[in-house]
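Quick note: residue numbers are just sequence positions, from 1.
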Amino acid sequence: SRDWSSDVCSSDLDDVQVQSSIIDAENPAIAARVRFDVLNTHPVGDLSSNEFTLQIGVQKMQVAVAPDFLPTLESIHETMDWLRDSLQGGQLTDSAFFYHGVAGSDVPDQPPFVGSWYRATGAGLKFLPKWPPLLNTTASVVQSNNRVDVLAQGGTLAGIPIDRKSTRLN
């Protein structure tokens, strides 16, 4: 089900804020909620700024379809390419994605903040191409801009049972 309604708030004619209500998205492969916020301001003369915030919460998602929903922002493409290649099989639960960016003539160029966390169960994780995959694990992946932390709890690596494995990519 989807609710595409949004609220438009304006403090004066120069500033406009658009906030969405929570948008529910569900099909057999995913159950998620999405919300966004856009703020356009004109504080002085022709100067302006635009802020965009996107929040996505995932209650459940099959890992097989996850790459289609992961962000493709240029500033973090290497990190997200690694994550797409690393997650193999299982299900994501209690996961989220957050993006906040500011652009405009009255703000210096600044990179957006991008953060996400994923909880995978029954998952396969392939940390590096030449490593064997970590199978049948419960894993947490936390991504903050270009840093990714992975904590895998349990599973098997090359047929050897393991209790815990963590890695950090910068």
request  = Mind checking the CG-OG1 spacing from Asp94 to Thr121? Nearest 0.5 Å is all I need.
outcome  = 9.5 Å
message = Counting C-beta onward and ignoring hydrogens, is there a side-chain heavy-atom pair between Val58 and Lys60 closer than 4.5 Å?
response = no
inquiry  = I'd like to know if Tyr118 and Val34 are part of one continuous hydrophobic network [Ile/Leu/Val/Met/Phe/Trp/Tyr, side-chain heavy atoms within less than 4.5 Å].
reply    = yes
ask   = Can you tell me how far CZ of Phe97 sits from CH2 of Trp117, rounded to the nearest 0.5 angstrom?
value = 10.5 Å
inquiry  = Tell me the closest heavy-atom pair linking Pro112 and Gly101, and the distance in Å.
reply    = CB-CA, 4.0 Å
message = For Leu135, give me all partners under side chain to side chain contact (heavy atoms under 4.5 Å, CB included), at least two apart in sequence or on another chain.
response = Pro133, Thr156
inquiry  = Is any side-chain heavy atom of Met61 closer than 4.5 Å to one of Gln91?
reply    = no
inquiry  = Rounded at 0.5 Å granularity, tell me how far CG in Asn50 sits from CG in Asn40.
reply    = 4.5 Å
request  = Quick one: closest heavy-atom pair of Thr53 and Phe98, and the distance?
outcome  = CG2-CE1, 3.6 Å
note = Residues Lys126 and Asp85: closest non-hydrogen pair is CB-O, 4.4 Å
Derivation of the side-chain contact (heavy atoms from CB on, under 4.5 Å) call for Val141 and Asp149 = CA-CA 6 Å; Val141 178; Asp149 294 313; over 6 Å; no
note = For Ser95 and Arg119, the nearest pair of non-hydrogen atoms, with its separation, is OG-N, 3.1 Å
note = Sorted by chain and residue number, the salt bridge (charged side-chain N to carboxylate O under 4.0 Å, His left out) partners of Arg35 (sequence neighbours excluded) come out as none
request  = Identify, with sequence neighbours excluded, every residue that meets side-chain hydrogen bond (donor to acceptor under 3.5 Å, both in side chains) alongside Gln59.
outcome  = none
key: Evaluation steps, side-chain contact (heavy atoms from CB on, under 4.5 Å), between Val18 and Phe36   = CA-CA 8 Å; Val18 178; Phe36 68 88; 4.2 Å; yes
task = Starting at CG of Leu54, measure out to OH of Tyr99 and round the result to the nearest 0.5 Å.
result = 9.5 Å
message = Using 0.5 Å steps for rounding, measure from the CD atom of Gln62 to the CD1 atom of Ile30.
response = 10.5 Å
task = With rounding to the nearest 0.5 Å, note down the distance linking CG in Asn136 to CG in Leu157.
result = 12.0 Å
task = Begin from the C-alpha positions of Phe52 and Val102 and carry the test side-chain contact (heavy atoms from CB on, under 4.5 Å) through to its verdict.
result = CA-CA 7 Å; Phe52 177 70; Val102 179; over 6 Å; no
request  = Please answer: with hydrophobic residues joined when any side-chain heavy atoms are less than 4.5 Å apart, are Ile56 and Val142 in the same cluster?
outcome  = no
ask   = For Asp37 and Gln19, which heavy atoms make the closest approach, and how far apart are they?
value = OD1-CG, 2.7 Å
ask   = Judged by modelled atom types alone, do Ser116 and Gln143 share a side-chain donor-acceptor pair under 3.5 Å?
value = yes
key: Considering all heavy atoms, the nearest Arg33-Ile22 contact   = NE-CG2, 3.5 Å
